[in-house]
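Before any comments, here is the structure.
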Amino acid sequence: MAATLDSTFADHLATVQARTTAALAAHRYDGIVIHSGRPRDHFLDDHAPPFKPNPHFLWWAPLLDAPDSFVRYVPGERPRLVFHQPADYWHKPPTVPDAAWLKSFDLHVVRTPGEARALLGTAGRRIAYVGEWQDEFGDWGFAGANAQPLLDHLHFGRAVKTPYELECMRHASVLGARGHVAAEQAWRSGASEFETHQAYCFAAGLREQELPYGNIIAFGPGAAVLHYQQLQRERDVPRRSFLIDAGAQVRGYASDITRTYGDGDAEFGALVAAMEDAQQALCAAIRAGTDYREVHLQAHWLIAGVLQRAGLVTCSQETAVAEHVSSVFFPHGIGHLLGLQVHDVAGFARDVTGATIPKPDGHPYLRLPRTLEPGFVVTVEPGLYFIDLLLEQARADDRGRHIRWDAVERLKPFGGIRIEDDVVCTTGAPENLTRDAFAAIA
Ligand code: GLY
Ligand code: MN
Ligand code: MN
């Protein structure tokens with residue numbers, strides 16, 4: 001794995017430099033300093049949550065454990081990595097990196113964050129700062145911190161992934177697929193949600209804090225909670241279905257994968273199969289030039305068809321979409337950009353200026369109203385759930401008359417269905433990172 005990532009890193013960094021050069025020029029900066037971040041203790045405590053680096057830092061330097069380090073870049077000069085390795089005997093200081101990708105940087109090791117100041121070269125230059133602000137940087141001479149126009153410009157470009165980033169995400173998909181296979185086996189063999197989560201982490205080779213988001217491991221009715229966060233310890237719970245939304249990360253790049261399984265019940269099994277067909281049709285629609293809002297609306301159309309054929313609604317497909325009956329069962333967006341952040345930046349961006357593209361009317365949860373371009377990585381994650389809160393709202397308004405409540409009651413113990421793949425938009429046919437990863441480990 002390291003070999004393919006190392007061989008593509010230099011080109012990635014060249015792209016990052018070119019995009020940053022353009023953004024700096026547009027906003028009249030001479031250079032940029034990016035801080036990796038700093039752990040912050042819990043309130044009234046001396047322990048911090050797991051360190052999560054600034055994604056801008058990871059875009060340049062794949063260092064997941066390097067708090068208080070800096071990347072400094074001035075166009076025309078080699079990028080500089082100021083690596084913080086404190087003299088500390090309470091914790092193991094981060095290891096000074098010795099990897100092929102470092103050849104692209106000038107490396108400086110400092111023992112305190114303050115020592116970095118002299119290496120950042122702000123005197124007489126307009127150097128932009130990007131990162132969580134620390135009061136001690138107040139007199140370091142930065143020409144502004146996290147200026148929104150500069151961030152907007154940098155974020156817009158991040159939607160198009162480099163070959164290196166795609167390779168990271170292919171590997172993250174394989175780790176995720178390994179975890180998913182193990183988790184399914186655990187659920188089938190009677191493990192609790194908590195044990196199933198542990199089986200996932202073990203097989204993916206990740207500790208919990210290395211996951212890109214908290215695993216969603218939901219049995220039965222829990223699958224109706226979109227971001228179900230509990231991990232029940234008991235095995236003897238309703239468990240007729242299993243929804244797992246879990247990913248992995250490699251060098252900071254995420255996978256985001258969901259699968260749903262049933263206990264053999266024919267009606268629920270047919271519903272899962274119908275959703276899988278719809279999901280695959282939507283994955284095939286990930287093409288350059290396609291407005292992702294259209295993919296979202298197509299998802300409502302397909303899910304309305306699934307609802308109708310399953311006998312969950314009595315109205316036409318047209319009515320189910322037009323009167324938002326499909327939204328009762330599918331109340332989230334069809335997907336989002338994926339990358340260094342699970343819900344990656346710039347989903348709404350019209351261009352580099354920070355102007356945004358509106359969501360379709362009546363669809364407040366779509367995170368990506370952009371037109372797809374080669375290099376975008378998006379998730380495709382249609383869902384169909386039995387959510388009491390939304391069902392009761394629908395029962396109380398006009399939509400309830402279209403719903404077959406007996407069918408809803410039969411299917412409620414299964415909670416819901418979501419199937420989520422990560423898909424690369426290319427100049428031709430889409431690349432499905434998730435399906436490829438499951439196939440590769442089969
Ligand atoms: N795992 C969060 C999401 O699918 O968006
Ligand atoms: Mn997900
Ligand atoms: Mn997702």
Side-chain angles (χ1 to χ4, degrees), residues 52 55 158-159 161 169 172-181 183-184 193 196-197 200-201 204 206 208-218 222-231 241-250 252-261 272 275-276 278-280 282-283 285-286 292-293 295-296 299 303 330-348 359 363-370 372 376-385 387 415-425 430 432-435 437-438:
K52 197 166 161 68
R158 257 173 57 190
K161 269 58 183 181
M169 294 171 84
S173 301
V174 169
L175 300 187
R178 285 187 193 137
H180 272 259
V181 168
E184 183 196 352
E193 290 176 351
T196 300
H197 164 75
Y200 179 92
C201 293
L206 296 171
E208 189 161 359
Q209 67 196 57
E210 292 171 321
L211 299 172
Y213 54 92
N215 279 352
I216 298 168
I217 305 269
V225 181
L226 298 184
H227 285 170
Y228 179 85
Q229 77 284 20
Q230 259 184 8
L231 291 171
S241 63
F242 173 36
L243 187 154
I244 168 169
D245 183 343
Q249 60 174 326
V250 166
Y253 289 89
S255 57
D256 178 8
I257 303 169
T258 309
R259 291 292 182 266
T260 308
Y261 308 97
V272 174
M275 285 299 288
E276 170 111 11
Q279 195 263 359
Q280 287 294 282
L282 294 163
C283 287
I286 302 307
Y292 198 68
R293 290 176 294 194
V295 180
H296 177 80
I303 291 168
F330 173 44
H332 59 73
I334 185 58
H336 49 87
L337 290 169
L338 182 70
L340 283 168
Q341 290 163 258
V342 176
H343 297 154
D344 213 10
V345 287
F348 298 98
K359 302 168 192 179
H363 296 272
Y365 296 115
L366 181 61
R367 297 173 194 269
L368 179 59
R370 284 177 72 169
L372 301 174
F376 279 24
V377 181
V378 299
T379 68
V380 178
E381 48 180 307
L384 194 168
Y385 313 87
I387 302 171
I417 300 164
R418 179 162 67 255
I419 300 167
E420 176 176 29
D421 289 348
D422 306 336
V423 181
V424 184
C425 179
N432 189 315
L433 299 175
T434 310
R435 302 277 160 168
F438 276 105

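Atoms within a ligand are numbered from 1 in the order they appear, just like the ligands themselves.
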Hey, is D245 one of the residues with a heavy atom under 4.0 angstrom from ligand 1?
->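 Yes, D245 has a heavy atom closer than 4.0 Å to ligand 1.
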Relative to the heavy atoms of H336, which atoms of ligand 1 are at a distance of less than 4.0 Å?
->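 Counting from 1, the qualifying ligand atoms are 3 (C), 4 (O), 5 (O).
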Short list, please: which atoms of ligand 1 are under 4.0 Å from a heavy atom of E420?
->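 Within the 4.0 Å cut-off of E420, ligand 1 contributes 4 (O).
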Could you grab the distance from atom NZ of K359 to atom CZ of R293, nearest 0.5 Å is fine?
->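 That separation rounds to 12.0 Å.
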Reported CD1-to-OG distance for the pair I417 and S241, which is rounded to 0.5 angstrom |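 Result: 8.5 Å between the selected atoms.
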Considering only protein heavy atoms, which is closest to atom 5 (O) of ligand 1, and at what distance to one decimal place?
->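 Looking only at protein heavy atoms, the one closest to atom 5 (O) of ligand 1 is H343 NE2, 2.7 Å.
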Starting from atom 3 (C) of ligand 1, find the nearest protein heavy-atom neighbour and note its residue, name and distance.
->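 The protein heavy atom lying closest is D256 OD2, 3.4 Å.
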Below 4.5 Å, heavy atoms only, C-beta onward: do H343 and L337 meet side chain to side chain?
->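 A side-chain contact under 4.5 Å is absent here.
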Is any side-chain heavy atom of L282 less than 4.5 Å from a side-chain heavy atom of P382?
->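 Yes. Closest side-chain heavy atoms under 4.5 Å.
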Can you figure out which of E381, H332, H227 has its heavy atom closest to atom 4 (O) of ligand 1?
->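 Ranked by closest heavy atom to atom 4 (O) of ligand 1, first place is E381.
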Which residues and atoms, protein N, O or S only, are under 2.8 Å from the Mn ion (ligand 3)?
->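 Under 2.8 Å from the Mn ion (ligand 3) - ignoring waters, which are not counted - the protein N, O or S atoms are D256 OD2, H336 NE2, E381 OE2, E420 OE2.
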Salt bridge present between D422 and R435 (N-O < 4.0 angstrom) =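 The answer is no: the pair does not qualify as a salt bridge.
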